[in-house]
Amino acid sequence: MGAREDFTDDAMQYAPQLFATALRMTRNRSDAEDLVQETFLKGWRAFDSYQQGTNLRAWLFRIMTNTFINKYNSQQRRPQETELDEVEELFLFRRMGAFDQSKMSQSAEDQMLELFTDDEVKNAIESLPETFRIPVLLSDVEGFSYKEIAEMLEVPIGTVMSRLHRGRKAMQKMLYEYAKERGLVDESLLDPQD
Amino acid sequence: MADCQETLNELESYLDSELSEGRANEIITHLKGCTDCQGAYEFHADLRTAIKTKAKNEELPDGFLDRLRDCLGDDVLGAE
Ligand SMILES: [Zn+2]
C-alpha cells in the first residue's frame, strides 16, 4: 500500500500541468477535469507496471495522451497531413519589421511577451488540428523530447519533427493574424522583398 | 562548420536541444560570428519562452485537487 500512497503524493504535483495540457487538448474545462481524473485512475490501477525510478511525469503524460486519443477517437495515428496549409519558413521573424515599435516596450524579451496575450497563444494552440496540436503541446509547453513524444504518440521521431515544424509555423501565422487584428501591425512597413 | 542556411534549418532542433553535442557546437560557433542568424535565434528563443509562459497560465477549477484525491480514494475503497 505504501508505494501506492506515494503515487498519489508524487503524481499530485503534476496535476496542474496535466490539467493545463488536458484543457488545450479537449478545449473544455469539464472534459479536461474528466481527462485528468481518468489519467490518475489509470495510473493508479496500472501502478504495478510503473517502474520506480523512471520518469513519473512522462508516464502520466503518456497515459493522458493515449486516453485522449482513444476516447476522442483522435486521428493522431491516421492523420491527414494535408489538413494544414503550408506556411513559409521563419514566417513571423520575417514580419517583425511590420510591428509598430511605438506600441511596444524596448526590451526584445518583454516585447515578445506583450505582443501576444495569454488568450491569443492559447487560441493559436487550440486552433491547430489535433495531429499538430498534441506534439506542439508536448514539446513547446511541456518540454518533452522528440523521443518521448514519439513514444507517447506511437509514431516515428521523424513524424514528430515534421508535425512540430508545420504546427509551429501555422501557430506563428495565427499569432500574426491576431496581432494584426489588434492593430499592432503596419504591413506597409514591410519590405516587399521580404 | 555550419553556414547560414544550415543554421536556420537546424535552429528548431537546436532550440529543442535535439542536436548532437558536436553539431550543436558548430551551430553555436556560427551564431557567435553571424549577427543575422543570432537575431533569428534570439527571436525564436524569446518566442518559445513567451508561448510556454502564456500557455501554462491556467487556473485550476475550484476544488479540482480535492476531487482528484477523492476519486483515487473511492477507487481504493471500491477495490477492497
Ligand atoms: Zn548566419
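Numbers restart at 1 for each chain; the letters A, B, ... are given by sequence-line order, proteins then strands. If you're wondering where the values come from, they're calculated on a predicted model, not measured in any experiment.
- At least one side-chain heavy atom of Gln172(A) sits under 4.5 Å from a side-chain heavy atom of Leu47(B).
- When heavy atoms are compared at a cutoff of 4.5 Å, Thr117(A) approaches chain B solely by way of its backbone atoms N, CA, C and O.
- Of the charged side-chain nitrogens involved, at least one lies within less than 4.0 Å of a carboxylate oxygen, so that Arg29(A) and Glu58(B) count as a salt-bridged pair.
- We find the OG-CZ distance between Ser139(A) and Arg48(B) to be 6.0 Å, quoted to the nearest 0.5 Å.
- Atom CD in Glu89(A) sits 9.5 Å away from atom CG in Leu8(B) (nearest 0.5 Å).
- When all heavy atoms of Val141(A) and Ala55(B) are compared, the closest pair comes out as CG2-CB, 3.7 Å.
- Contact of Leu23(A) with chain B is made through the side chain alone, with heavy-atom distances under 4.5 Å.
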Report all side-chain donor-acceptor pairs from residues 38-45 of chain B shorter than 3.5 Å, counting only partners two or more places apart or in another chain.
unit_1, atom_1, unit_2, atom_2, d
Gln38(B), NE2, Glu42(B), OE2, 2.8
His44(B), ND1, Ala40(B), O, 2.8

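- In plain terms, the two heavy atoms of Ala15(A) and Leu65(B) that are nearest each other are CB-CD2, 3.7 Å.
- Between the side chain of Lys54(B) and the backbone N or O of Asp119(A), no donor-acceptor pair lies under 3.5 Å.
- Not one N or O on the side chain of Lys56(B) forms a donor-acceptor pair closer than 3.5 Å with the backbone of Thr21(A).
- The distance from the CH2 atom of Trp44(A) to the CG atom of Leu72(B) is 6.0 Å, given to the nearest 0.5 Å.
- Within 6.0 Å of the CD atom in Gln13(A), the count of heavy atoms belonging to other residues, nucleotides or ligands exceeds 12.
- Annotation: residues 15-32 of chain B contacts chain A through Asp16(B), Glu18(B) [non-hydrogen atoms, separation under 4.5 Å].
- To the nearest 0.5 Å, the span separating CG on Leu175(A) from CD1 on Ile51(B) amounts to 6.0 Å.
- Closest of all the heavy-atom pairs between Met12(A) and Leu68(B) is CE-CB, 3.8 Å.
- Every residue meeting the ring pair (Phe, Tyr, Trp, His ring centres under 6.0 Å) condition with Phe64(B), not counting sequence neighbours, appears here in chain and number order: Phe19(A).
- In this structure, CG in Asp46(B) is found 8.0 Å from CG in Leu113(A), a value given to the nearest 0.5 Å.
- Listed by chain and residue number, Glu120(A) satisfy the side chain to side chain donor-acceptor pair (under 3.5 Å) test with Arg182(A) (two or more places apart in sequence, or in another chain).
- Separation of atoms CG (Asn57(B)) and NZ (Lys122(A)) is listed at 5.5 Å; rounding is to 0.5 Å.
- Within the 4.5 angstrom heavy-atom criterion, atoms from both the backbone and the side chain of Ser145(A) approach chain B.
- By the 4.5 Å heavy-atom criterion applied to side chains, Met112(A) and Thr49(B) are not counted as neighbours.
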